[in-house]
Amino acid sequence: HPRCPFYLRDTSNPRKGFALATSHRKIAFGSKVEVCILADIQVDDSYQRGIKGKHRTYAKNFNEAAMGLPILARRQDASLWVIDGLQRITAAIRAGIDRWRCSVVESSGPVYEAQLFKLLNKDRTALTAVEQFNAAYTAQVPSAMATKRAVERAGLHLPTGGHSSVKGTYIFEKSITCHGTIWKLTDTYGEENIVRALNLLKRTWPENKDALQATPVGALCTLIGSQGDKVDDDRFATQVGRKAVQAYLQAARSQVYTLQYGFMREVARQYNKRLARKNQLSNIRMNMDDERDETNDFAPSKKDEELAL
């Protein structure tokens with residue numbers, strides 16, 4: 001219906017009908033699907049957002065069926081202008097594709113295109129980390145499957161599918177809900193290191209649900225993944241477990257670092273106590289700089305700090 005808010009009329013030419021703007025990236029009533037030469041498509045900087053770095057990711061794993069149809073505008077001089085799908089078109093060109101099926105709508109110029117661009121983009125919702133993981137696990141992406149397997153091997157649960165979690169809520173007993181964190185760390189350090197870190201987490205703070213939050217999980221997985229050869233699990237569980245996980249979280253919040261990195265530093269400081277007196281040189285170093293500290297022999301690397309962001 002013309003009064004429907006999802007329809008936008010090109011008032012300069014009533015014969016062109018109405019354009020349907022939806023999150024499905026399609027236009028009806030006045031548009032048609034054509035095979036277009038990508039090199040001929042132009043970009044109007046007056047309303048487009050510009051090319052973003054994410055197009056490189058699209059190009060690396062380009063799948064036309066998953067991308068959807070780009071939406072183009074054909075102006076009165078027969079030139080083609082992109083309304084929706086600039087990143088996808090850029091990725092296609094980068095992937096070596098020269099022609100692509102596009103949805104083309106007749107346009108009177110930039111004003112009409114900008115209005116349509118706004119309607120198409122204002123209500124889009126980005127996928128959450130849980131939704132991304134669920135999709136990857138269902139698609140049998142190796143890193144996602146390894147993540148799920150590692151968590152279950154440690155006797156914990158990683159909700160997937162219809163059991164997606166809500167922040168701060170544990171759907172099952174002993175559930176980990178920081179899907180994005182554990183997925184990224186499994187991909188970086190491998191399944192075995194994650195299993196070891198999660199088992200150590202359970203030994204250190206048994207029956208403490210706060211230990212299964214993103215900060216402790218991320219800190220311990222990073223620590224074991226990057227410096228596992230310097231950590232004695234028995235000593236860690238005994239020495240670090242003397243303080244509740246909430247105490248480490250509180251101390252980490254008072255630091256200038258990210259919460260996860262600050263938590264890792266506090267854990268390392270507790271682990272290192274009295275090691276120098278016993279001449280145990282394989283203690284954990286906490287310095288952010290490369291300079292040696294007399295009582296600490298390990299510092300999380302810059303890569304570890306980036307993972308903690």
Side-chain angles (χ1 to χ4, degrees), residues 23 25 52-63 66-68 87-88 91 121-198 201-202 208-226 245 248-249 252-253 257-264 300 303-309:
S23 61
R25 300 172 179 168
K52 306 297 182 181
K54 66 180 181 181
H55 80 273
R56 297 185 181 89
T57 303
Y58 295 162
K60 185 177 179 181
N61 302 299
F62 191 83
N63 186 320
M67 293 292 183
Q87 313 306 322
R88 286 171 281 155
N121 288 278
K122 70 174 183 178
D123 294 325
R124 288 186 180 170
T125 303
L127 292 176
T128 64
V130 176
E131 292 166 340
Q132 292 183 44
F133 179 84
N134 286 343
Y137 181 73
T138 303
Q140 298 184 349
V141 175
S143 60
M145 297 181 70
T147 301
K148 176 78 169 178
R149 191 165 53 245
V151 173
E152 292 179 346
R153 285 177 58 192
L156 299 171
H157 181 75
L158 187 66
T160 56
H163 301 295
S164 298
S165 60
V166 178
K167 184 177 181 181
T169 302
Y170 292 84
I171 308 302
F172 296 96
E173 186 69 19
K174 298 182 179 179
S175 293
I176 288 182
T177 59
C178 50
H179 294 66
T181 299
I182 195 72
W183 184 14
K184 185 174 183 179
L185 291 169
T186 303
D187 190 40
T188 302
Y189 296 119
E191 181 179 340
E192 294 303 322
N193 281 321
I194 301 304
V195 173
R196 178 189 171 191
L198 293 178
L201 189 75
K202 291 167 54 183
N208 191 330
K209 288 185 176 181
D210 287 339
L212 301 181
Q213 295 180 1
T215 298
V217 169
L220 240 65
C221 289
T222 301
L223 189 63
I224 295 300
S226 61
V245 67
Y248 293 103
L249 288 169
R253 292 189 183 100
Y257 314 110
T258 63
L259 186 60
Q260 183 171 303
Y261 191 68
F263 187 96
M264 188 161 55
K303 178 181 178 182
D304 299 331
E305 184 182 6
E306 292 173 356
L307 286 171
L309 294 177

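Just so we're clear, the structure is a prediction, and the values are computed from it rather than from any experiment.
The shortest heavy-atom contact between N193 and I224 is O-CG2, 3.8 Å. Counting all heavy atoms, side chain and backbone alike, V217 lies closest to A211 at CG2-O, 3.7 Å. Residues Q260 and T222 share a closest heavy-atom pair of NE2-OG1, 3.8 Å. Taking every heavy atom of both residues into account, S143 and W183 meet most closely at OG-NE1, 2.9 Å. Shortest non-hydrogen contact noted between A154 and L198 is CB-CB, 3.6 Å. Taking all atoms of both residues into account, the shortest heavy-atom contact from I182 to C221 is CD1-SG, 3.8 Å.
Taking 4.5 Å as the limit, every side-chain heavy atom of P216 sits out of range of all side-chain heavy atoms of D210. The side-chain heavy atoms of E191 and M145, taken from C-beta on, include no pair separated by under 4.5 Å. With a 4.5 Å cut-off on side-chain heavy atoms, L212 and K209 do not count as touching. L158 has its side chain within reach of F133: a pair of non-hydrogen atoms, C-beta onward, lies under 4.5 Å apart. Residues L185 and I194 meet the side-chain proximity criterion, which asks for heavy atoms closer than 4.5 Å.
For the ring-ring contact (aromatic ring centres under 6.0 Å, His included) test, residues two or more places apart in sequence or in another chain that qualify with Y248 are W205, F263. Legend: residues meeting side-chain hydrogen bond (donor to acceptor under 3.5 Å, both in side chains) with R253, ordered by chain and number and at least two apart, are absent.
Within the model, atoms CE of M264 and CG of L220 stand 10.0 Å from one another, a figure rounded to the nearest 0.5 Å. Here the NZ atom belonging to K148 is positioned 5.0 Å from the NE2 atom belonging to H157, to the nearest 0.5 angstrom. Between K184 atom NZ and T147 atom OG1 the span is 13.0 Å, to the nearest 0.5 Å.
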Handout entry: Steps toward side chain to side chain contact (heavy atoms under 4.5 Å, CB included) verdict (L156, K202)
Key = CA-CA 9 Å; L156 299 171; K202 291 167 54 183; 4.0 Å; yes

